[in-house]
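Residue numbers start at 1 and run along the sequence shown. In each ligand, atom 1 is the first atom listed, and ligand 1 is the first ligand listed. In this text, all values refer to a predicted model and were calculated from it rather than measured experimentally.
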Amino acid sequence: MNLNILVLPGDGIGTEVTREAVRVLRRVAEKYSHTLHLTEGLLGGIAIHKTGSPFPDETARLAADADATLLGAVGLPEFDNAPPAQRPERGLLGIRKVLGVYANLRPVRTYEALIDSSPLKNERIRGTDMIIVRELTGGIYYGTPRGIQGEGDEERACNTMTYNRAEIARIARMAFHLARQRRRKLASVDKSNVLETSQLWRKVVVEVAAEFPDVELEHVLVDNCAMQLVLNPTRFDVVVTENMFGDILSDEGAVLAGSIGMLPSASIGEKKPSGAWVGLYEPVHGSAPDIAGQNKANPLGAIGSVAAMLEYSFGLMEEAKAVNNAIESVLNAGKVTADLKPKTAPLTTEQVGAAVCEAI
Ligand code: NAD
């Protein structure tokens, strides 16, 4: 298979973890006889330095041409006080918009080797393996009217939570498809006892469910879901929810995984004629200026994002599994970076990348 991939290393540890993720991609291509076409582009702080824009037109063109995009992280402290339009993070919004990625998939797994790193009791989190599917381009973060008006006692602020049928149906359909490839259980999270947007959400999810009679659907109120995630996380397989609920719940899910450096993510758009989904893959963490350039960042979130890319954008299930199994085996062997608090000397970013390649 031809794998045309745009690589955007970004800033700080983004460049370090992306280097290892690409090394893993090369290893997979070599082992399974795929042809890799890699293009590198500019995004974030480095793009501002080189072109004046956090999201240059050339990067938009490269992203549109690629089958999938692998991103490191963006953000440089020197831009902390810059206006929003001139900050590296604006590049992220730009690329998500250009690619039309409306679904953010965050797999949350508890690895046996890291179970003691979680603040939660082992017996509660052992066996956790879920995907949180967050709607990414609608809801209260985008709704209008919005803004702050007036002064003094009259000053007031407003945001608008709005969803239409089409937005709900497409994310619900994607979540049902994912559940079908897993344990066939879908939890739809809403606040339908209070919010009209949630009532429409629930109605449309129930309608879409008729297309997926083999998937068991349950509705969970968001406040109960927040509690269930820490009380009984193993009950969840696929969780689907709107933008703000997903933002909050997926960070809660991160606690189950041990370190932020472990978490991969996939942002998915429409299906292409080839059957593959348009996808943007990146670790959940940021550019971590406090450890940048020290070769000690955990690359496993970025490497897990490669596994997600192989699965969702290319349908290469065996290859994705090989990468995930390799991650698990380096964890079991204690070959990890300092953030995972190994009992012996921590490995460098490069050494962990090399260990994953060797395990593949
Ligand atoms: P961060 O995720 O960069 O770092 C938070 C803490 O986690 C730091 O102590 C860091 O050292 C540690 N950490 C993060 N990733 C790690 C890894 N792979 N291995 C080991 N330790 C890791 O978040 P922050 O400090 O709030 O933000 C730093 C910059 O990154 C800011 O400019 C922010 O805007 C940006 N940011 C970008 C993204 C993105 O590109 N998607 C996401 C979040 C933050």
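- Heavy atoms of Ile13 found under 4.0 angstrom from ligand 1 belong exclusively to the side chain.
- Contact annotation: Ala297 has at least one heavy atom less than 4.0 Å from an atom of ligand 1.
- Looking at Leu92 against ligand 1, only its side chain comes within 4.0 Å, counting heavy atoms.
- If you look at Asp339 next to ligand 1, the close heavy atoms, those under 4.0 Å, all belong to the side chain.
- Side-chain contact between Val239 and Val189: present, with at least one pair of heavy atoms (C-beta onward) separated by less than 4.5 Å.
- Only the side chain of Glu282 comes within 4.0 Å of ligand 1, counting heavy atoms alone; its backbone N, CA, C and O stay farther away.
- Residue contact check: Gly286 has heavy atoms under 4.0 Å from atoms 1 (P), 2 (O), 3 (O), 30 (O), 36 (N), 37 (C), 38 (C), 42 (C), 43 (C), 44 (C) of ligand 1.
- Counting only heavy atoms, the protein gets under 4.0 Å from atom 8 (C) of ligand 1.
- With a 4.5 Å cut-off on side-chain heavy atoms, Glu358 and Val330 do not count as touching.
- Closest to atom 40 (O) of ligand 1 among all protein heavy atoms lies Val74 N, 2.9 Å.
- Atom 26 (O) of ligand 1 lies below 4.0 Å from none of the non-hydrogen atoms of the protein.
- Remark: Arg90 is not positioned above the aromatic ring of Phe55, lacking an NZ or CZ atom under 6.0 angstrom from the ring centre and at most 45 degrees off the axis.
- The atoms of ligand 1 that sit less than 4.0 Å from any heavy atom of Gly75 are 32 (O).
- Residue Glu89 has at least one heavy-atom neighbour below 4.0 Å for each of these atoms of ligand 1: 31 (C), 32 (O), 33 (C), 34 (O), 35 (C).
- At a heavy-atom cutoff of 4.0 Å, ligand 1 is contacted by the side chain of Asp290 but not by its backbone.
- Listed by atom number, the atoms of ligand 1 under 4.0 Å from Pro289 heavy atoms are 28 (C).
- Under 4.0 Å from ligand 1, not a single heavy atom of Pro77 appears.
- At least one protein heavy atom sits closer than 4.0 Å to atom 14 (C) of ligand 1.
- The nearest heavy-atom contact from the protein to atom 22 (C) of ligand 1 is Ile291 CD1, 4.0 Å.
- Looking at atom 18 (N) of ligand 1, its nearest protein heavy atom turns out to be Asn298 O, 3.0 Å.
- Close placement of the Phe212 and His177 rings is indicated, their centers lying within 6.0 Å of each other.
- The contact set between ligand 1 and Ala73, taken as ligand atoms under 4.0 Å from a residue heavy atom, comprises 40 (O).
- Contacts between Asp80 and ligand 1 below 4.0 angstrom, taking non-hydrogen atoms only, are absent altogether.
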